[in-house]
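Protein chains get the first letters and strands the later ones, always in sequence-line order, with residue 1 at the start of each.
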Number of protein chains: 2
Amino acid sequence: MQRRTSKVSDAVIRRLPRYHRYLEELVRDGIKRISSKELSRRIGFTASQIRQDFNCFGGFGQQGYGYNVELLYNEIKKILGLNERYNTIIVGAGNLGQAIANYTNFRKRGFEVKALFDINPKLIGLSIRGIEILDIDKMGEFVRDNDVKIAILCTPRENAQQVAETLVEYGIKSIWNFAPIDLDLPNDVIVENAHLSDSLYVLSYRMAEREKENKEK
Amino acid sequence: MQRRTSKVSDAVIRRLPRYHRYLEELVRDGIKRISSKELSRRIGFTASQIRQDFNCFGGFGQQGYGYNVELLYNEIKKILGLNERYNTIIVGAGNLGQAIANYTNFRKRGFEVKALFDINPKLIGLSIRGIEILDIDKMGEFVRDNDVKIAILCTPRENAQQVAETLVEYGIKSIWNFAPIDLDLPNDVIVENAHLSDSLYVLSYRMAEREKENKEK
DNA sequence: ATATAATCGTTAAAAAATTAACATAGATTA
DNA sequence: TAATCTATGTTAATTTTTTAACGATTATAT
Ligand SMILES: NC(=O)c1ccc[n+]([C@@H]2O[C@H](COP(=O)([O-])OP(=O)(O)OC[C@H]3O[C@@H](n4cnc5c(N)ncnc54)[C@H](O)[C@@H]3O)[C@@H](O)[C@H]2O)c1
Ligand SMILES: NC(=O)c1ccc[n+]([C@@H]2O[C@H](COP(=O)([O-])OP(=O)(O)OC[C@H]3O[C@@H](n4cnc5c(N)ncnc54)[C@H](O)[C@@H]3O)[C@@H](O)[C@H]2O)c1
């Protein structure tokens, strides 16, 4: 058993959602137990790494047996905070903001979008799946009154920093940021970036790399 | 000067879009030269790491002077393959597919969406910014005739694997995947995942972690 | 019930990534 | 023009991450 005061590395943390995904599949398929070896075969990490990773959080397995799928799944869920429910708001009700509001899976996982906010008068008053688009002026009050834990930032790059600062003023401590910019905020604010263009550029890097290799032959 | 045959590590590659972003900002601001030290201050990597990273691709700087911003920016662009243009298609014209089709920045960067494909008859025939939503049956022909280089996969998880296999059959070699699944495809197919829920779960991990720390105090 | 096999948790080794050090090329200044 | 300073490219050291090894424990088979 590991002391939990030791900081878990980012590399491990970013693998957790993947474990979660595969374990969910195992649960769905009715599989009751799994060894690190078999999980390794499926997920593509080494068995050693899998055991190391799980042991950052405590021993969930049993020697000679392996891991109980259901138990492990629930542990990973707890570690990821997916046993909690979080009220969220989406700031910027454009293409992406609306797409996310429409996505029902996040609510199923405990992330409930309580409102969208925008400055565009044409959008204000509309609803998406029953979730209202409100005037940005109402945001402070709304955050105070609705126990909002996460803000999903979907405004254009140009004003994302300023909007983020406003959010922090209103007491928001966690931001899921889609604007292609690195927000500069107080240290106690958790920011997780979903930089889609970064991901696309990595794809195009790989393509350019392959192109070059082909030419060399 | 480095031999370019040596494989560049994934860690380096995933930092490149960030360099690109910051250099673009410098260009925008009319800044002509920059040292690794100053770039470090802005971007948050160590100066040493920045120099190491750039040197994976060749020496773009000058001792005693630093880096010419414009030159470095253009080099990074080339390395990322952003000097090329790519025809793309979006498969699955739902929330996310439409949001991406509506996003004009990708086209500005050289990624042109030529069509969307769906199975839903209600969507087929509609257009998004002049880009048609076509029947999935037309996809093979379209891919052949339009020099499509990238497929953006936005179908539900359940059929993403099957759709991806069809894409590969049609000759697609690069997939930008938004479905929350790890696609199992031949090795010569480049897959870049944009697993949004993974990113959200990391955010919720951080929140749970903070919660725990607060309790311990 | 005992032996055998499976597989974890953990420690050790190896590999990879990051940071630091520094010699040197070139810019700048006097 | 010479002297000084700056900041790269590169090599070396350090740190982190990953992989391998293995003793201990439990399941399973005989
Ligand atoms: N759509 C995509 O596929 C995509 C891809 C990569 C990155 N992004 C990024 O995600 C963000 C949103 O993209 P999008 O396509 O939805 O853009 P969008 O233009 O469709 O939507 C932005 C919305 O933000 C609103 N807005 C502007 N300023 C605001 C403010 N101060 N407060 C509240 N709302 C404000 C606008 O009225 C608009 O409705 C952008 O930063 C974009 O760069 C989007
Ligand atoms: N919207 C989000 O915010 C979000 C967030 C995270 C992940 N995702 C993932 O992105 C993908 C798309 O999400 P979405 O919200 O746009 O879903 P969606 O249901 O709005 O759209 C999916 C579209 O795919 C089409 N489709 C289904 N089967 C198809 C097939 N075989 N060929 C072609 N088209 C087909 C459907 O008709 C539908 O229009 C899903 O895998 C989802 O899990 C979405």
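Toward the 5′ end of DNA chain D lies the nearest nucleotide of A:Asp53, the other residue of the pair A:Asp53 and A:Gln63 mapping further downstream. Nearest-nucleotide positions on DNA chain D for B:Ser36 and B:Gln52 put B:Ser36 closer to the 5' end.
One side chain, B:Asn193 or B:Asn177, offers a donor N or O that lies under 3.5 Å from an acceptor on the other. In the model, A:Asp53 has a side-chain atom that pairs as donor or acceptor with a side-chain atom of A:Tyr19 under 3.5 Å. A donor-acceptor pair shorter than 3.5 Å cannot be found between the side chains of A:His195 and B:Arg18. Counted by atom type alone, B:Glu24 and B:Tyr73 present one or more donor-acceptor pairs between their side chains at under 3.5 Å.
Rounded to an integer number of Å, the gap from CG of B:Asp10 to P of C:dA17 is 8 Å. In this entry the distance linking NZ of A:Lys37 with P of D:dA20 reads 14 Å, nearest Å. Rounded to an integer number of Å, the gap from A:Arg51 CZ to D:dC22 C1' is 10 Å. In this structure, B:Arg33 places its CZ atom 9 Å from C1' of C:dT28, rounding to the nearest Å. Taking atom CD of residue A:Gln49 and atom C1' of nucleotide C:dA13, one finds them 16 Å apart after rounding to whole Å. The CZ-C1' distance, from B:Phe60 to D:dG9, rounds to 12 Å in whole Å. Rounded to whole angstrom, the span from the NZ atom of A:Lys7 across to the C1' atom of D:dT17 amounts to 16 Å. In this structure, CG of A:Asn55 is placed 10 Å from P of C:dC8, rounded to the nearest angstrom.
Contact between the side-chain N/O atoms of B:Thr46 and the OP1/OP2 oxygens of C:dT18 is not found at any separation under 4.0 Å. Between B:Tyr67 and the phosphate of D:dG9, there is a side-chain N or O to OP1/OP2 separation shorter than 4.0 Å. Between B:Gln62 and D:dT8, a side-chain N or O to OP1/OP2 separation shorter than 4.0 Å is absent.
Contact check for A:Arg33 versus A:Asn68: no side-chain heavy atoms found under the 4.5 Å cut-off.
Across all strands, B:Ser48 comes closer than 4.0 Å to base atoms (heavy-atom distances). Contacts of B:Phe54 with the nucleic acid, taken as non-hydrogen atoms under 4.0 Å apart, are absent. Using a 4.0 Å heavy-atom cutoff across all strands shown, A:Phe45 reaches no nucleic acid atom at all.
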